[in-house]
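A note on names: the letters A, B, ... follow the listed sequences, proteins ahead of strands, and every chain is numbered from 1.
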Protein chains: 2
Amino acid sequence: MNGARTGARPAQSLQDRVRRDLPAFTEAERRVAHALLGEYPMAGLETVARFARRAETSGPTILRFINRLGFESYADFQDALRTETQARLQGPLSRYDLRGQTSAPAASGGLAVAMRQNIETAARDLAPSLPAIAERLADLDRKVLCIGGRFSWMIAGYLHAYLRELRPNVRLVRDGSASWADDLLDVAPADIVVVFDFRRYQRDVLELAKGAVAQQAEIILVTDIWYSPVAALAQHVVACPVSIPSAFDSGVTGLAVVEIITAAVIDALGPGSKGRIATLEALRKPFNLGP
Amino acid sequence: MNGARTGARPAQSLQDRVRRDLPAFTEAERRVAHALLGEYPMAGLETVARFARRAETSGPTILRFINRLGFESYADFQDALRTETQARLQGPLSRYDLRGQTSAPAASGGLAVAMRQNIETAARDLAPSLPAIAERLADLDRKVLCIGGRFSWMIAGYLHAYLRELRPNVRLVRDGSASWADDLLDVAPADIVVVFDFRRYQRDVLELAKGAVAQQAEIILVTDIWYSPVAALAQHVVACPVSIPSAFDSGVTGLAVVEIITAAVIDALGPGSKGRIATLEALRKPFNLGP
DNA sequence: CTAGCCTTCTATCAAACGTTACAGCGCCAG
DNA sequence: CTGGCGCTGTAACGTTTGATAGAAGGCTAG
């Protein structure tokens with residue numbers, strides 16, 4: 001009954017603390033520690049009984065182990081584990097963000113923090129499929145069509161603007177356009193349709209995607225983490241977290257994805273693309289003013 | 001052709017399955033799905049009661065949700081979650097280091113990192129002038145005109161789309177539009193012109209800004225850190241770092257600034273703006289699919 | 001050798017849990 | 001307006017759970 005440890009705040013990571021206190025534990029408790037570290041953190045998120053079986057010990061030993069770590073109950077311990085792991089899954093930077101939150105300018109109310117986390121998550125989500133996506137967009141034998149919904153068509157517009165500087169045969173379909181049928185007509189098998197669709201998902205975007213599939217086009221979808229229904233038709237889906245502390249969802253994540261994809265396309269295209277950009281710049285010079 | 005890694009069915013993570021099935025769920029179940037995705041995966045590792053409270057629903061709804069996903073019991077569901085998350089934590093993508101920020105998303109070549117730094121810097125730079133900017137954009141006695149250059153007009157479009165949902169008398173001038181003179185004609189003293197101008201700065205944007213000043217409009221400029229020449233005419237200047245390791249400058253920073261400003265405008269407008277958004281949503285309902 | 005303490009297990013209990021049955025509600029068809 | 005159906009929350013149930021008390025085993029000090 002060694003009280004006084006109530007509600008102890010983990011000054012450092014739980015994992016580290018377990019490792020550090022390891023020599024101080026009894027033999028059975030050390031088995032518990034090893035079981036936890038060996039399958040960290042999920043071993044500790046099971047029931048006491050299963051955790052005990054895993055550590056080849058009994059329930060009460062688990063609870064004494066938990067108490068010694070400074071937790072009043074097994075539930076407290078699991079809460080701590082969950083919180084810590086969630087932060088860890090959110091990305092390496094998130095813990096810095098949390099630290100600095102008190103000193104951060106409240107003026108932007110955590111908006112910047114949320115956006116940065118969204119980008120981090122999206123970039124990680126995108127990474128595995130990036131090469132395949134870039135390869136297709138860099139394939140000059142395929143035409144590319146970019147479309148978006150009420151808000152997201154502006155992001156589609158960005159992709160269109162970037163790609164147009166890099167390669168021919170890129171077109172943009174505006175939201176609410178009456179010419180969708182015409183645009184679909186030009187879509188050939190193996191062409192790429194890049195769809196941007198965030199909630200609230202619009203019916204016409206889905207319809208156009210269906211049409212494109214009927215023409216045997218390949219669909220790349222950039223959507224929010226709640227998945228547009230277009231996902232069912234798409235070969236590649238990029239999910240963007242879009243939540244920020246505001247009345248609107250954030251478009252920043254989608255644009256970040258576009259720019260990451262664009263950079264990958266440049267890589268895939270090789271040196272030729274640089275020349276194309278330079279030519280374009282030269283052509284536009286008369287419309288610009290001073291560098 | 002082999003099943004691309006990103007391809008049709010990428011190992012169907014539980015998360016993906018929830019997203020994919022989302023449209024098929026009922027309203028309350030969708031709340032559950034959102035709660036889970038919003039705090040994935042830890043929301044699902046809590047007790048049913050807590051999960052339910054988080055999703056603002058009741059226990060049985062959680063259970064029905066779980067069943068629909070194909071699990072016989074909540075315990076089965078949690079087992080799957082644990083297994084999957086444990087694998088994810090041990091996977092190469094989350095080779096994190098709790099002690100330091102040594103992990104880098106190499107796949108995207110530091111693009112995400114650069115974008116995040118840019119946003120952070122811009123948000124800090126914006127903070128002092130944010131109240132003044134928001135106050136002006138929330139002043140319904142002033143009309144608002146948004147304009148931008150070749151790339152940046154899409155960011156202007158975003159601001160326009162947001163503001164239009166919040167207040168009347170907001171217009172967007174498209175890059176290269178022939179109607180600039182007409183647009184200028186409507187500008188009255190004390191009206192606000194929000195100019196987005198990133199290099200290469202375009203002559204026509206500067207011309208329009210000059211015209212607006214002649215009409216005694218107030219100019220808010222969002223530009224890159226090299227300052228568009230419009231800065232000389234502007235009352236408020238927001239400087240955005242736009243450098244990323246790519247052939248193009250980043251538009252992400254500008255969009256982030258727009259969304260931070262938008263959130264501040266909502267605050268400045270007070271509760272009335274929410275009603276306006278709701279009305280708009282209702283009006284648009286026929287064009288959307290699913291709730 | 002034995003008393004005392006520490007560690008660990010078994011047995012037990014109340015509380016919390018997941019689960020099920022049922023009733024209220026809104027919605028659409030007739 | 002009415003009947004039926006699907007969705008959802010409330011209430012009750014039986015089980016499992018975390019937690020505790022107490023006994024068995026083993027180690028050390030005296």
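- Counting only N and O atoms by type, the side chains of B:D16 and A:Y227 include a donor and acceptor under 3.5 Å apart.
- Under a 4.0 Å N-O distance rule, the pair A:E56/A:R31 does not qualify as a salt bridge.
- Between A:E29 and A:R68, at least one side-chain nitrogen of the basic residue sits less than 4.0 Å from a carboxylate oxygen of the acidic one, meeting the salt-bridge criterion.
- For B:R19 and B:Q15, the side-chain atoms include at least one donor-acceptor pair closer than 3.5 Å.
- Between B:I62 atom CD1 and D:dT10 atom C1' there is a gap of 16 Å when expressed in whole angstrom units.
- Salt bridge status for A:E207 with A:R203: absent, with no side-chain N to carboxylate O gap under 4.0 Å.
- Nucleotide D:dT8 holds its P atom 12 Å from the CZ atom of B:F25, rounded to whole Å.
- Rounded to whole Å, the distance from CZ on A:F51 to C1' on D:dA19 is 16 Å.
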Exercise. Before giving the answer on side chain to side chain donor-acceptor pair (under 3.5 Å), spell out for A:Y74 and A:D79 the whole-Å C-alpha distance, their side-chain angles and the decisive distance to 0.1 Å.
Key: CA-CA 9 Å; A:Y74 193 65; A:D79 278 348; over 6 Å; no
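- The CD1 atom of A:I66 sits 16 Å away from the C1' atom of D:dT20 (whole-angstrom rounding).
- Rounded to whole Å, the distance from CZ on A:F77 to P on D:dA19 is 12 Å.
- Across all non-hydrogen atoms, the minimal contact from A:M154 to B:A161 is CE-CB, 4.0 Å.
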Below 3.5 Å between N/O atoms, which protein atoms pair up with nucleotides 15-22 of chain C? Just atom names and distances, please.
unit_1	atom_1	unit_2	atom_2	d
C:dG18	OP1	B:V48	N	3.2
C:dG18	OP2	B:V48	N	3.0
C:dT19	OP1	B:Y74	N	3.3
C:dT19	OP2	B:Y74	N	3.0

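- In this structure, A:E29 atom CD and C:dT8 atom P are separated by 6 Å, rounded to whole Å.
- Between A:R30 and the phosphate of C:dT8, there is no side-chain N or O to OP1/OP2 separation shorter than 4.0 Å.
- In this structure, the separation between CD on B:E259 and OG on A:S250 is 3.5 Å, given to the nearest 0.5 Å.
- In this structure, A:E56 atom CD and C:dC9 atom P are separated by 11 Å, rounded to whole Å.
- The shortest distance between the side-chain N/O atoms of B:T57 and the OP1/OP2 oxygens of D:dG9 is below 4.0 Å.
- As a whole-Å value, the separation of B:E27 CD from C:dC25 C1' is 13 Å.
- Five base pairs at each end of the helix from C:dC1-D:dG30 to C:dG30-D:dC1 define two local axes, and these are offset by 10° (rounded to 10°).
- Ring geometry for B:Y162 against A:F151 counts as tilted: the plane angle lies between 30° and 60°, on a 0 to 90° scale.
- Of the side-chain N and O atoms in A:T61, none sit less than 4.0 angstrom from OP1 or OP2 of C:dT7.
- At the heavy-atom level, B:S58 lies under 4.0 Å from base atoms of the strands shown.
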